[in-house]
Peer 1: 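Just passing along the structure, written as structure tokens.
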Protein chains: 2
Amino acid sequence: MNRTTETKGITQCSIFDFNLSWYELLTKEEKMLIDEHSVSINFKKGETVCKRGAFASHIYFLEEGLVKVYLEERNKNLILTLFTKNNLLGLSSLFEGNNKLPYSVSTYTDSKVRMIDIQIFRQLLQQNPEFSYRIINLLNEKTSQIYGRFFSLTQKQLHGRLADILLCLSNRIFKSKSFELPLSRADLGDLTGMSTESVIRMMKEFKDDGLIDMHCKSVELLDVARLERISEFG
Amino acid sequence: MNRTTETKGITQCSIFDFNLSWYELLTKEEKMLIDEHSVSINFKKGETVCKRGAFASHIYFLEEGLVKVYLEERNKNLILTLFTKNNLLGLSSLFEGNNKLPYSVSTYTDSKVRMIDIQIFRQLLQQNPEFSYRIINLLNEKTSQIYGRFFSLTQKQLHGRLADILLCLSNRIFKSKSFELPLSRADLGDLTGMSTESVIRMMKEFKDDGLIDMHCKSVELLDVARLERISEFG
DNA sequence: AAAAATAACTGCTTCAAGTCAGTTTTTTCC
DNA sequence: GGAAAAAACTGACTTGAAGCAGTTATTTTT
């Protein structure tokens with residue numbers, strides 16, 4: 001008997017990348033309102049889009065690029081999630097009681113961000129239930145993915161965490177088994193919660209074991225099945 | 001110059017316990033709808049309220065007790081958050097695309113849970129924007145607290161993590177500097193992501209250092225300021 | 001009230017993973 | 001295109017924290 005309905009593992013992939021169309025749920029007037037109260041800004045690679053603790057004045061829509069959402073405190077750095085283009089960022093700061101951004105955002109690659117006035121966004125939430133319902137769903141999906149990352153980083157050791165992130169980059173971010181990393185080894189370290197040196201050692205180990213091929217920034221997954229097993233068993 | 005407006009640390013307290021009144025935002029008819037489509041169930045200490053992967057048929061309102069929300073997979077156990085009475089549980093499963101519960105819930109103490117039909121809840125979300133907006137805020141606040149826990153568990157070492165959880169239990173759960181723990185040392189281990197033995201050793205160390213007093217299940221925080229410093233510096 | 005079971009505690013050992021101090025390779029930029 | 005800077009990499013060392021194997025203390029059970 002095939003148990004095909006079984007629940008998938010917690011951390012099959014832990015990074016946010018999907019795109020429910022929220023914009024289409026707005027009326028013509030509401031769309032105009034957003035258009036009038038937003039501007040599109042270009043960011044260069046490595047630039048900071050916003051910092052935790054600043055007043056949240058906008059909701060961000062990533063039109064182009066790759067960014068990280070992270071928490072930092074005295075040189076500790078925790079990446080919560082990555083975002084690719086066509087995703088809404090900063091929804092968490094909608095919370096009325098706390099007008100401060102709950103995380104920082106910075107770019108891995110050149111990016112284009114549409115900044116939408118947060119008051120307008122709030123207004124639309126209050127007046128359009130379907131839109132509001134969709135936003136709840138976006139938040140939920142995101143939260144659930146972050147839980148997966150939380151599990152991965154706290155319950156697995158290096159092998160599993162690195163396998164997780166490689167699968168994730170392949171499946172969600174680059175949608176290909178081979179890709180050019182826009183991230184440094186230190187970035188990968190932040191992403192997997194391990195030291196730069198450990199990333200290097202572990203990547204080499206994976207390469208020696210024939211799991212991946214790798215030369216500097218270019219990576220190719222060779223044995224996805226085995227990587228998934230490593231991810232699963234931690 | 002006093003920088004009193006500075007943002008508070010990420011993990012000042014990492015467990016969910018607050019209570020925005022969502023019920024009052026419903027109309028008389030809507031309240032009746034909820035009353036008609038919900039039942040209250042008693043759970044004994046240690047019982048499972050629901051399991052990750054099961055179909056999400058209800059939203060839970062904790063009327064009495066203390067429960068943990070957690071992820072488990074092959075004897076790995078990650079506690080996402082604790083809930084005390086008067087809080088809504090299971091909001092994450094509102095996400096329409098995935099009718100499965102994203103986490104498990106079980107009780108630490110005897111508890112009373114009102115189970116609300118999820119379809120009714122969804123209907124109210126769609127028809128009542130203010131209610132919907134309040135629920136978004138609840139979700140956001142919760143998410144933000146879980147980020148704090150995420151940071152604590154991944155970026156701090158044992159001292160900091162234990163200090164975090166002790167402060168949290170004191171501030172949010174028991175609202176007193178001395179309290180009777182309904183959790184075992186093993187539970188504390190799950191909560192802080194450390195082994196039972198390490199919890200014991202660390203607690204003893206805190207006791208020897210005069211940070212806390214402790215005898216079996218009863219704990220008293222003696223030097224909150226120093227605990228906060230330990231929490232902050234990890 | 002004694003026996004059984006569970007939880008709390010202790011000391012010793014082991015190991016995963018970080019740190020440090022370099023060398024080599026790749027990228028950047030005048 | 002060559003010098004300078006930044007990443008990538010390597011090996012040796014250190015350490016935080018888990019695991020193990022046992023003892024003592026608390027509950028629970030009968």
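All values below come from the heavy atoms of this structure, side chains included, with hydrogens, waters and symmetry mates left out. Remember, predicted model here, so these are calculated numbers, not experimental data. Just so we're on the same page: letters track the sequence lines, and every chain starts at 1.
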Peer 1: Answer yes or no: is there a donor N or O on one side and an acceptor on the other, between the side chain of A/D187 and the main chain of A/S184, under 3.5 Å?
Peer 2: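 Confirmed, A/D187 side chain pairs with A/S184 backbone.
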Peer 1: Are any side-chain N or O atoms of A/N42 and backbone N or O atoms of A/K112, one a donor and one an acceptor, separated by less than 3.5 Å?
Peer 2: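 Side chain of A/N42 to backbone of A/K112: no pair is present.
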Peer 1: Can a donor-acceptor pair be found, under 3.5 Å and without considering hydrogens, that links the side chain of A/R149 to the backbone of A/I79?
Peer 2: yes
Peer 1: I need the minimum non-hydrogen distance between B/F150 and A/L80, along with the two atoms involved.
Peer 2: CD1-CD2, 3.8 Å
Peer 1: For A/R161 and B/T196, take the nucleotide of DNA chain C holding the closest heavy atom to each; which residue's nucleotide lies nearer the 5' end?
Peer 2: B/T196
Peer 1: Using the C1' atoms of five pairs at each end, what's the angle between the two axes of the helix from C/dA1-D/dT30 to C/dC30-D/dG1, to 10 degrees?
Peer 2: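 It comes to 50° between the two terminal axes.
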Peer 1: Under 3.5 Å, is there a donor-acceptor pair between the side chain of B/S111 and the main chain of B/F43?
Peer 2: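 Answer holds: no.
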Peer 1: Taking A/T107 for the side chain and A/K44 for the main chain, is one N or O donor matched with an acceptor at less than 3.5 Å?
Peer 2: yes
Peer 1: Enumerate the side-chain hydrogen bond (donor to acceptor under 3.5 Å, both in side chains) contacts for residues 210-225 of chain A, please, sequence neighbours excluded, ordered by first and then second residue.
Peer 2: A/D223-A/R226
Peer 1: With a strict under 4.0 Å distance from non-hydrogen atoms of chain B, what nucleotide opens and what nucleotide closes the contacted stretch of DNA chain C, reading 5' to 3'?
Peer 2: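 Boundary nucleotides touching chain B, in 5' to 3' order, are C/dA8 to C/dC12.
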Peer 1: Any base atoms under 4.0 Å from A/L158, or only sugar-phosphate, or nothing? Heavy atoms, all strands.
Peer 2: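 Sugar-phosphate contact only - A/L158 comes under 4.0 Å of backbone atoms but never of a base.
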Peer 1: Can you check whether A/Y60 reaches A/S93 side chain to side chain, under 4.5 Å on heavy atoms?
Peer 2: no
Peer 1: Under 4.0 Å between any heavy atoms, over every strand shown, what does A/G193 touch: base, sugar-phosphate, or nothing? Just pick one.
Peer 2: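 Since only primed, P, OP1 and OP2 atoms lie under 4.0 Å of A/G193, the category is sugar-phosphate.
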Peer 1: Determine all donor-acceptor pairs shorter than 3.5 Å in which one atom belongs to a side chain in residues 196-211 of chain B; sequence neighbours excluded.
Peer 2:
residue: B/S198; atom: OG; partner: B/S195; partner atom: OG; Å: 3.0
residue: B/E205; atom: OE2; partner: B/H159; partner atom: NE2; Å: 3.4
residue: B/K207; atom: NZ; partner: B/M214; partner atom: O; Å: 3.0

Peer 1: Within residues 203-220 of chain B, which residues have any heavy atom lying less than 4.0 Å from an atom of DNA chain D?
Peer 2: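 Correct list: B/H215.
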Peer 1: Checking the side chain of B/K68 only, and the main-chain atoms of B/Y108 only, is there a donor and an acceptor separated by less than 3.5 Å?
Peer 2: no
Peer 1: Here's a test for you: under side chain to side chain contact (heavy atoms under 4.5 Å, CB included), which of B/T109, B/I173, B/V67 qualifies with B/T84?
Peer 2: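 With B/T84 as partner, side chain to side chain contact (heavy atoms under 4.5 Å, CB included) holds for just one option, B/I173.
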Peer 1: Can you measure from CZ (B/R161) to CG (B/L188) and round to the nearest 0.5 angstrom?
Peer 2: 12.5 Å
Peer 1: Grab the two heavy atoms, one from A/C216 and one from A/R185, that are nearest each other, plus how far apart they are.
Peer 2: O-NH2, 3.1 Å
Peer 1: Name the first nucleotide and the last nucleotide along DNA chain D (5' to 3') that come under 4.0 Å of a heavy atom in chain B.
Peer 2: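 Reading along DNA chain D, I get D/dA17 to D/dT26.
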